[in-house]
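Please read all numbers here as calculations on a predicted model, not as lab measurements. Starting from 1, each residue takes its place in the sequence as its number.
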Amino acid sequence: MPVDYIGIGGQRCGTTWLHQVLKEHPDNEVSTKKESHYFSYNYHYGLEWYENHFRFLNKKKCGDV
């Protein structure tokens, strides 16, 4: 799994702000799609579907928020 961290939060609790802050950090990269909902709604697509959100990553740390 190419993910170093996963941000978990409810609706309207600042995940959009967190995604933007992490995206702007030079040693970090976030998934191509904010809130992939893999572990809740899209698990049936399989792990390869989820990993495709991180294929291009070349940074030190990467995550899904």
Side-chain angles (χ1 to χ4, degrees):
M1 172 90 57
V3 178
D4 296 305
Y5 61 86
I6 297 173
I8 300 171
Q11 293 178 343
R12 313 249 338 127
C13 68
T15 55
T16 299
W17 172 82
L18 180 60
H19 184 269
Q20 188 61 37
V21 169
L22 292 171
K23 184 178 177 180
E24 292 174 3
H25 193 281
D27 293 333
N28 192 56
E29 189 68 73
V30 291
S31 63
T32 55
K33 180 179 179 183
K34 180 184 163 288
E35 299 178 2
S36 66
H37 297 285
Y38 173 68
F39 296 98
S40 55
Y41 304 114
N42 296 317
Y43 189 76
H44 65 280
Y45 288 123
L47 187 57
E48 186 175 346
W49 177 87
Y50 183 63
E51 289 178 340
N52 282 334
H53 290 86
F54 304 94
R55 292 265 184 224
F56 68 97
L57 302 178
N58 296 318
K59 302 287 182 173
K60 295 180 184 178
K61 298 287 182 187
C62 66
D64 185 12
V65 178

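The CD atom of Gln20 lies 14.0 Å from the NE2 atom of His25; values are rounded to the nearest 0.5 Å. Note: Gln11 CD to Thr15 OG1 = 9.0 Å, rounded to the nearest 0.5 Å. Annotation: the span from Glu35 atom CD to Tyr41 atom OH amounts to 10.5 Å, rounded to 0.5 Å.
Thr16 is linked by a side-chain contact (heavy atoms from CB on, under 4.5 Å) to Lys34, counting only residues two or more places apart in sequence or in another chain.
When only modelled atom types and interatomic distance are considered, Tyr50 and Asp64 share a side-chain donor-acceptor pair under 3.5 Å.
Side-chain contact between Leu22 and Tyr5 is present, with heavy atoms from C-beta onward closer than 4.5 Å. With contacts defined as side-chain heavy-atom distances shorter than 4.5 Å, the pair Tyr45/Asn52 does not qualify.
Side chain of His53 to backbone of Trp49: a donor-acceptor contact under 3.5 angstrom is found.
Closest approach of Asn28 to Lys61, counting heavy atoms only: OD1-O, 3.2 Å.
By the criterion of side-chain heavy atoms lying less than 4.5 angstrom apart, applied directly or through intervening Ile, Leu, Val, Met, Phe, Trp or Tyr residues, Ile8 is grouped together with Phe54 in one hydrophobic cluster.
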